[in-house]
Amino acid sequence: MAIESLEDLSSLSISELYSVYVAIARADHHWRMRALYGDQPRPVGHSEFRPLPRVHFEDRLAGASELVGGEQTLRARLARQAAAYRIDVQSELRCLRSNAA
C-alpha cells in the first residue's frame with residue numbers, strides 16, 4: 001500500500017513537531033496493543049503509553065540537526081509515519097494552538 005500524500009513538516013516549530021510526534025506515538029501504541037491483545041483488556045499496568053518526554057525529543061532533534069540532512073530526514077520520517085497512521089496533522093496543530101491560547 002503506497003502512502004498517498006505527506007504533510008510538509010519542514011516549517012513546524014519544535015512544539016508543533018512534538019505534538020505531531022505524540023499523535024504518532026499514540027497511534028502506534030494503539031495498534032501495538034490491538035495486535036497484542038485484540039479486543040481483550042490488557043493486564044493492569046502492562047504496556048502503558050509513554051511517549052518520549054519533550055526534552056528527550058528536543059535532544060533527538062538537536063542531534064539530528066548536527067548531521068548533514070539529519071533534521072530533514074527526521075522530519076520526513078515523521079511525515080511518513082503520520083501518513084501511515086492517518087494522523088490529521090492540521091487538526092493536531094489546531095488543537096495545540098487552541099490549547100496554547
Side-chain angles (χ1 to χ4, degrees):
M1 172 174 75
I3 297 175
E4 292 181 14
S5 65
L6 299 178
E7 289 281 339
D8 179 15
L9 305 182
S10 62
S11 62
L12 296 185
S13 69
I14 292 174
S15 294
E16 293 168 331
L17 200 58
Y18 182 69
S19 178
V20 171
Y21 157 73
V22 170
I24 292 167
R26 187 176 295 113
D28 180 69
H29 182 261
H30 168 78
W31 285 105
R32 288 175 189 269
M33 293 302 97
R34 188 121 165 103
L36 281 171
Y37 302 112
D39 292 330
Q40 307 246 342
R42 64 178 186 231
V44 176
H46 188 261
S47 300
E48 295 296 323
F49 175 60
R50 293 181 305 209
L52 280 177
R54 182 182 163 130
V55 67
H56 293 264
F57 179 81
E58 290 175 5
D59 289 344
R60 287 190 180 188
L61 187 58
S65 297
E66 294 177 9
L67 302 172
V68 175
E71 184 175 344
Q72 293 83 4
T73 301
L74 177 63
R75 288 173 182 263
R77 181 177 56 81
L78 289 172
R80 284 191 307 276
Q81 289 176 316
Y85 285 115
R86 295 185 175 109
I87 303 295
D88 184 352
V89 172
Q90 295 308 315
S91 175
E92 291 295 324
L93 296 178
R94 278 192 300 275
C95 184
L96 175 70
R97 291 174 186 140
S98 69
N99 288 339

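Source: prediction; values computed, not measured. Index from 1, following the sequence.
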**Message:** Please determine whether residues Tyr37 and Phe49 belong to a single hydrophobic cluster, defined as Ile, Leu, Val, Met, Phe, Trp and Tyr linked transitively by side-chain heavy-atom distances below 4.5 Å.
**Reply:** no

**Asked** Between Ser65 (side chain) and Leu61 (backbone), is there a donor-acceptor pair under 3.5 Å?
**Response** yes

**Nearest-0.5 Å distance, CD of residue Glu71 to CG of residue Leu9** = 11.0 Å

**Message:** Under the rule for salt bridge (Lys or Arg N to Asp or Glu O under 4.0 Å), what residues qualify as partners of Asp28, not counting sequence neighbours?
**Reply:** Arg32

**Item:** Pairwise ring pair (Phe, Tyr, Trp, His ring centres under 6.0 Å) hits with a residue in residues 54-76, at least two apart
**Value:** Tyr18-Phe57, Tyr21-Phe57

**Prompt:** Is the count of non-hydrogen atoms from other residues, nucleotides or ligands lying under 6.0 Å from Gln40 atom CD greater than 12?
**Reply:** no

**Item:** Listed partners of Arg50 passing salt bridge (Lys or Arg N to Asp or Glu O under 4.0 Å), at least two apart
**Value:** none

**CA sep, side-chain torsions, deciding dist, call: Leu36, Met33, side chain to side chain contact (heavy atoms under 4.5 Å, CB included)** = CA-CA 5 Å; Leu36 281 171; Met33 293 302 97; 3.7 Å; yes

**Message:** Evaluate Val22 against Glu92 for side chain to side chain contact (heavy atoms under 4.5 Å, CB included), listing each step before the verdict.
**Reply:** CA-CA 10 Å; Val22 170; Glu92 291 295 324; over 6 Å; no

**Request:** Could you tell me which non-hydrogen atom of Ser11 sits nearest to which non-hydrogen atom of Glu16, and how far apart they are?
**Result:** O-OE1, 4.4 Å

**Request:** Provide the closest heavy-atom pair for Leu6 versus Ala83 in the form atom of the first, atom of the second, distance.
**Result:** CD2-CB, 3.6 Å

**Request:** Can you run down the salt bridge (charged side-chain N to carboxylate O under 4.0 Å, His left out) pairs that involve residues 58-70, sequence neighbours left out, and say none if there aren't any?
**Result:** Arg54-Glu58

**Message:** Under the rule for ring-ring contact (aromatic ring centres under 6.0 Å, His included), what residues qualify as partners of His30, not counting sequence neighbours?
**Reply:** none

**Complete:** Residue pairs passing the salt bridge (charged side-chain N to carboxylate O under 4.0 Å, His left out) test with at least one member in residues 17-26, sequence neighbours excluded, are none

**Fill in**
Of all heavy-atom pairs linking Val20 and Leu93, the shortest is CG2-CD2, 4.4 Å

**Asked** Are any of the side-chain heavy atoms of Ile87 and Glu7 separated by less than 4.5 Å?
**Response** no

**Prompt:** In terms of side-chain heavy atoms, does Gln90 have a donor or acceptor partner in Arg94 at a distance below 3.5 Å?
**Reply:** no

**Asked** What's the shortest heavy-atom distance between Ile24 and Ala82, and which atoms?
**Response** CD1-N, 3.8 Å

**Request:** Flag the pair Leu67 / Thr73 as yes when at least one side-chain heavy-atom distance between them is below 4.5 Å, and no otherwise.
**Result:** no

